[in-house]
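Here the structure is laid out as structure tokens; the discussion comes afterwards.
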2 protein chains.
Amino acid sequence: MGAPIAHDALHARLEAYMSKKGLRSTGQRRTIADAFFGGPRHITIEELLVRARTNDPRIGYATVYRTLKLFTECGLATEHDFGDGPTRYEVAIDGEADHHHDHLICLECRRITEFHDEEIEGLQERLARRLGFEIESHKHEIYGVCEACRKASAQKKR
Amino acid sequence: MGAPIAHDALHARLEAYMSKKGLRSTGQRRTIADAFFGGPRHITIEELLVRARTNDPRIGYATVYRTLKLFTECGLATEHDFGDGPTRYEVAIDGEADHHHDHLICLECRRITEFHDEEIEGLQERLARRLGFEIESHKHEIYGVCEACRKASAQKKR
DNA sequence: GTAATTGCAAATGGTTTGCATGTAA
DNA sequence: TTACATGCAAACCATTTGCAATTAC
């Protein structure tokens with residue numbers, strides 16, 4: 001079996017953006033794109049470098065940074081800083097459509113859960129408008145303890 | 001006229017926390033506290049250092065960092081990273097009560113507007129609970145362009 | 001007197017940049 | 001052939017830390 005269909009679409013989108021901007025389609029960029037599209041969500045530069053190097057060991061740090069910045073510019077990636085260590089990147093597109101969502105972060109196991117709530121989005125939009133603001137983007141992160149970790153620590157206490 | 005009443009209450013709270021924890025009330029800490037309580041909202045370490053040094057020129061960088069960490073621990077300050085440059089700190093207490101709120105940030109003039117919406121807070125709480133999460137804190141930041149900046153750039157375009 | 005605190009300078013960690021070399025178009 | 005891209009190392013920036021000197025209690 002080949003790469004999932006979605007990957008082809010993502011690669012195509014990247015190629016289109018690069019040619020439109022007069023940028024070049026290089027082996028490194030394709031390798032990093034593969035690693036990114038096929039990797040876990042909320043991946044760090046470091047993790048991505050390791051993944052990319054399994055296909056091309058000579059890829060450098062700076063190239064991964066520059067490439068992910070490129071992906072972010074063209075809308076394929078979004079950056080998130082969850083307050084510990086390095087920025088994490090996720091694929092911004094699911095099939096054809098943008099896939100906006102926010103995050104819950106477990107402070108114990110650091111697992112990230114995605115959520116989307118139209119009601120909150122709507123209230124936020126109205127609130128901003130009322131204050132004369134035109135929304136460009138937003139960041140809504142909820143930090144807490146997930147069910148599994150709460151159970152585990154209840155266990156430990158007895 | 002003396003310092004506003006609120007400052008005394010804040011200082012008292014700090015003193016109480018320090019003595020409870022066996023920490024010492026030093027000149028530097030009091031000076032930095034003054035600078036913080038009396039300064040602008042959303043202040044940076046750098047700005048705070050400048051303010052503090054007008055009262056005591058020998059205060060060092062590291063001390064301001066350590067002191068603001070202390071204020072944060074004892075609930076007098078909250079930290080915010082608005083995505084550009086350094087962390088900003090604000091006084092967390094308004095009179096006697098905690099004063100939770102979120103922020104709108106203008107991407108052009110970088111002005112910060114505070115907001116609080118009980119409806120959003122409630123939805124967020126229910127959503128987290130539904131996902132098995134116990135909320136510890138959250139961060140809700142809206143980035144956009146404020147009314148003044150939109151008008152200014154509309155002006156410029158003609 | 002003794003443990004906490006300070007100031008300084010050096011270390012850290014994530015990210016960016018300058019530059020000589022390499023390569024896609 | 002000529003911009004653009006890469007890899008490396010050095011630079012950067014905010015923040016933290018080790019340590020000797022100082023100070024609060």
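Each chain gets a letter, A, B and so on, in the order the sequences are listed, and its residues count up from 1. Here the structure is a predicted model, which means the values were calculated and not measured. Values below: every heavy atom of this structure, side chains too, minus hydrogens, waters and symmetry copies.
A/Asp84 places its CG atom 10 Å from the P atom of C/dG14, with the value rounded to the nearest Å. Taking atom CD1 of residue A/Ile32 and atom P of nucleotide D/dA5, one finds them 12 Å apart after rounding to whole Å. For the pair B/Glu79 CD and D/dA14 P, the computed distance is 15 Å after rounding to whole Å. Atom CG in A/Leu48 sits roughly 15 Å away from atom P in C/dG14 (whole-Å rounding). The interatomic distance linking B/Glu46 (CD) with D/dC13 (P) rounds to 11 Å, in whole Å. Rounded to an integer number of Å, the gap from A/Lys69 NZ to C/dG14 P is 19 Å. Computed from coordinates, the B/Tyr61 OH to C/dA10 C1' distance equals 16 Å when rounded to whole Å. To the nearest angstrom, C1' of D/dA5 lies 17 Å from NZ of A/Lys21.
For A/Pro86, the side-chain atoms get nearest to C/dG14 when compared with the rest of D/dT6, C/dG14, D/dG18. Side chain of A/Arg66, nearest nucleotide from D/dT6, C/dT6, C/dA9: D/dT6. For A/Tyr65, whose side chain is taken as the heavy atoms from C-beta onward, the closest listed nucleotide among D/dA9, D/dG18, C/dG14 is C/dG14. In this structure, the nucleotide among D/dA5, D/dT6, C/dA4 sitting nearest to the side chain of B/Leu23 is C/dA4. With C/dT6, D/dT6, C/dG14 as the candidates, the nucleotide lying closest to the side chain of A/Thr26 is D/dT6. Across D/dG7, C/dT15, D/dA14, the shortest atom-to-atom separation from the side chain of A/Thr87 is found for C/dT15.
Ranked by how close their nearest DNA chain D nucleotide is to the 5' end, B/Glu15 and A/Arg53 are led by A/Arg53. Position along DNA chain C of the nearest nucleotide to A/Ser25 versus B/Ser25 favours B/Ser25 as the more 5'-ward residue. Each of A/Thr63 and B/Arg30 was assigned the nucleotide of DNA chain D with the nearest heavy atom; the assignment lying further toward the 5' end belongs to A/Thr63.
Under 3.5 Å, the side chain of A/Arg24 and the base of D/dA3 form at least one donor-acceptor pair of N or O atoms.
Within the nucleic acid shown, B/Arg29 comes within 4.0 Å of sugar-phosphate atoms alone, with no base atom in reach, counting heavy atoms only. At the heavy-atom level, A/Arg58 lies under 4.0 Å from the strands shown only through sugar-phosphate atoms.
Checking the phosphate oxygens (OP1, OP2) of D/dT23, no side-chain nitrogen or oxygen of B/Gln28 falls inside 4.0 Å.
More than 12 non-hydrogen atoms from other residues, nucleotides or ligands lie less than 6.0 angstrom from CD of B/Glu73.
Here A/His116 and A/His103 keep their ring centres 6.0 angstrom or further from each other.
A donor-acceptor contact under 3.5 angstrom links the side chains of A/Glu90 and A/His101, judged on distance only.
Counting only heavy atoms from C-beta outward, the side chains of B/Thr87 and B/Phe82 never approach each other to under 4.5 Å. Residues A/Leu76 and A/Phe37 have side chains in contact (heavy-atom distance under 4.5 Å, counting atoms from C-beta outward).
Nearest heavy atoms, A/Val91 versus A/Arg41: O-NH2, 3.7 Å.
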